[in-house]
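Working notes for the structure below.
Proteins get letters first, then strands, A, B, ... in listed order; numbering begins at 1 in each.
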Amino acid sequence: MESLTILVVDDDPVIRRLLQQRLKNEHYSVMVANDGYQAERLLKKQHFDVVLTDLVMPGDIGGIEVLEITKELSPDTEVVLITAHSSVDTAVAAMKKGAADYLEKPINFDELFLRMDKIANLKSILKSAKDIGQAMSITEAEAASTIQNLEMTVAKLQTRLDEVETALRDRTKAEDERIANAIDILTGE
Amino acid sequence: MIKISPDELKVVAQYIHDISGIHLDQSKSYLFETRLSSIAEASGCSSYRELQQKAKQDPAKKLERAIIDAITTNETLFFRDKGPFELLQHKLLPEMIDARTPKSGMMKTNIRIWSAAASTGQELYSIAIIIKELLRDLSKYNISLLGTDISDAAIAQASYGKYNKFEIERGLDRAVLQKYFSLFGDSWKIKDEIRSMVNFRKLNLMQPFTALGKFDIIFCRNVAIYFTLQDRTKLFNKIADSLADDGYLVIGSTESLTGVCSRFVPKRHLRAIFYQKS
């Protein structure tokens with residue numbers, strides 16, 4: 001399984017460093033942003049599997065805004081919010097806006113790794129499903145083209161057979177003339 | 001998972017055919033097991049025979065509906081297979097609009113389109129989006145879009161028009177998504193301007209459907225593949241009766257009407273085939 005790319009967004013330098021270090025130790029690929037503005041710039045430049053953001057940050061871009069920006073720029077990126085116990089209601093509201101999950105402070109790292117693991121599993125299942133879907137589309141397109149060619153060929157032959165039948169049943173002409181006409185139709189003359 | 005015995009397979013297959021027209025042969029025992037086992041367990045049945053008897057005796061048909069929902073394949077996506085939608089946009093719709101536009105400018109253009117195996121609605125909404133994109137101002141048109149399916153669960157989802165992010169990511173590009181859907185929690189919901197263009201209702205294609213009236217364009221994709229040859233012939237004959245004389249029929253891209261119904265002739269347009277009555 002490929003390792004997740006994670007963007008950590010937190011204005012607190014101590015928590016930021018701690019998250020970065022612990023996630024790196026678990027072999028995740030991590031980048032950090034000091035605030036929402038920097039997060040937005042990074043999100044515009046590259047794709048992340050997960051954005052792990054503090055809910056409350058100074059400035060106009062808080063965790064909810066980071067969530068909205070992320071979903072706008074890259075809908076398949078999962079957003080996990082870090083929140084104080086007192087703002088759990090806000091976090092639940094954020095889940096309704098498309099956040100994957102939230103973690104309460106102080107951060108329990110086992111819990112964090114578990115959540116990241118779950119997201120990684122989901123991403124890998126989705127990727128397999130997408131691969132299967134693509135393989136199916138290719139097979140289907142190939143089969144469709146074969147079937148459609150056959151369908152048109154059969155229709156053309158049917159028309160010609162109908163013409164042959166009409167020619168053979170044409171009572172206004174002598175038998176050998178009817179046969180000659182039928183042969184002309186069959187040989188495409 | 002409850003195992004199915006060969007005897008049960010026969011009886012249950014016949015029952016499923018009776019209620020849905022779907023033909024499952026002996027080789028598909030895994031389908032019965034994977035799709036019906038949980039229903040059997042949930043309704044306290046220890047065998048499929050018991051489930052079938054219970055379903056048959058239930059006057060409210062709740063179990064029957066659950067079995068139909070489970071056994072039908074709702075594999076569908078927005079703009080599944082680009083061919084038919086390009087065909088609709090560039091050929092069928094423009095030609096049908098030409099044919100149906102009244103000579104005097106006062107009357108509206110009437111067009112009726114039917115998605116006969118609508119599943120969870122993606123095909124019909126894709127058609128509605130194409131119409132909206134192509135015509136913009138719909139006030140001069142009277143376009144009726146009907147979607148039918150045998151599964152209550154599928155029709156319920158189609159009517160609600162809400163799709164989770166996995167369903168939505170498949171086949172829809174960002175611009176269309178942003179324009180015609182609104183984010184609804186973790187899911188996307190079709191906007192009212194498109195929702196109001198379509199209607200969904202339950203229909204078993206094995207039953208008569210002349211009451212639906214005549215249609216100008218019929219999509220009947222990837223459903224007849226689950227029927228026996230005999231049932232396919234019956235279905236496409238009924239569809240021929242329901243199609244306007246100059247109407248268009250679109251079937252699944254890997255389906256064929258050769259040896260099924262001689263009332264249609266295939267016509268090719270670019271990468272797609274459509275049928276007209278002969």
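If you measure heavy-atom distances from A/Glu72 to chain B, the contacts under 4.5 Å come from both the backbone and the side chain. Proximity to chain A is limited to the backbone of B/Glu255, based on heavy atoms less than 4.5 angstrom apart. When heavy atoms are compared at a cutoff of 4.5 Å, B/Arg174 approaches chain A solely by way of its side chain, counted from C-beta outward. Residue A/Leu126 touches chain B through its side chain alone, counting heavy-atom pairs closer than 4.5 Å. For B/Tyr275, the part lying near chain A is the side chain, with the backbone staying farther off; criterion is any non-hydrogen pair under 4.5 Å. In this structure, chain A has a heavy atom under 4.5 Å from the side chain of B/Leu183, while its backbone stays farther away. Residue B/Leu177: no heavy atom, backbone or side chain, is found under 4.5 Å from chain A.
Heavy atoms of other residues, nucleotides or ligands lying less than 6.0 angstrom from CZ of B/Arg271 number 12 at most. Within 6.0 Å of CD in A/Glu111 there are more than 12 heavy atoms belonging to other residues, nucleotides or ligands. Enclosure of atom CG in B/Asp173 by more than 12 non-hydrogen atoms of other residues, nucleotides or ligands within 6.0 angstrom is indicated. With a 6.0 Å radius and a threshold of 12 heavy atoms from other residues, nucleotides or ligands, A/Asp60 has its CG atom at or below the threshold. Within 6.0 Å of the CD atom in A/Gln46, the count of heavy atoms belonging to other residues, nucleotides or ligands exceeds 12. For B/Lys132, the NZ atom sits in a packed shell: over 12 heavy atoms of surrounding residues, nucleotides or ligands are nearer than 6.0 Å. The neighbour count for B/Asp245 CG, taken as heavy atoms of other residues, nucleotides or ligands under 6.0 Å away, does not exceed 12. Within 6.0 Å of NZ in A/Lys130 there are 12 or fewer heavy atoms belonging to other residues, nucleotides or ligands.
Nearest heavy atom pair, residue A/Met152 against residue B/Arg268, reads CG-NH2, 3.7 Å.
For the atom pair CZ (B/Phe184) and NZ (A/Lys96), the distance works out to 10.5 Å, reported to the nearest 0.5 Å.
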Checking side-chain hydrogen bond (donor to acceptor under 3.5 Å, both in side chains) for the pair B/Thr258/A/Glu151: CA distance, chi angles, key distance, verdict?
CA-CA 7 Å; B/Thr258 298; A/Glu151 192 84 333; 2.5 Å; yes

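Interface check for chain B: of the options A/Ala144, A/Ser145, A/Gly133, the most heavy-atom pairs under 4.5 Å are formed by A/Ala144.
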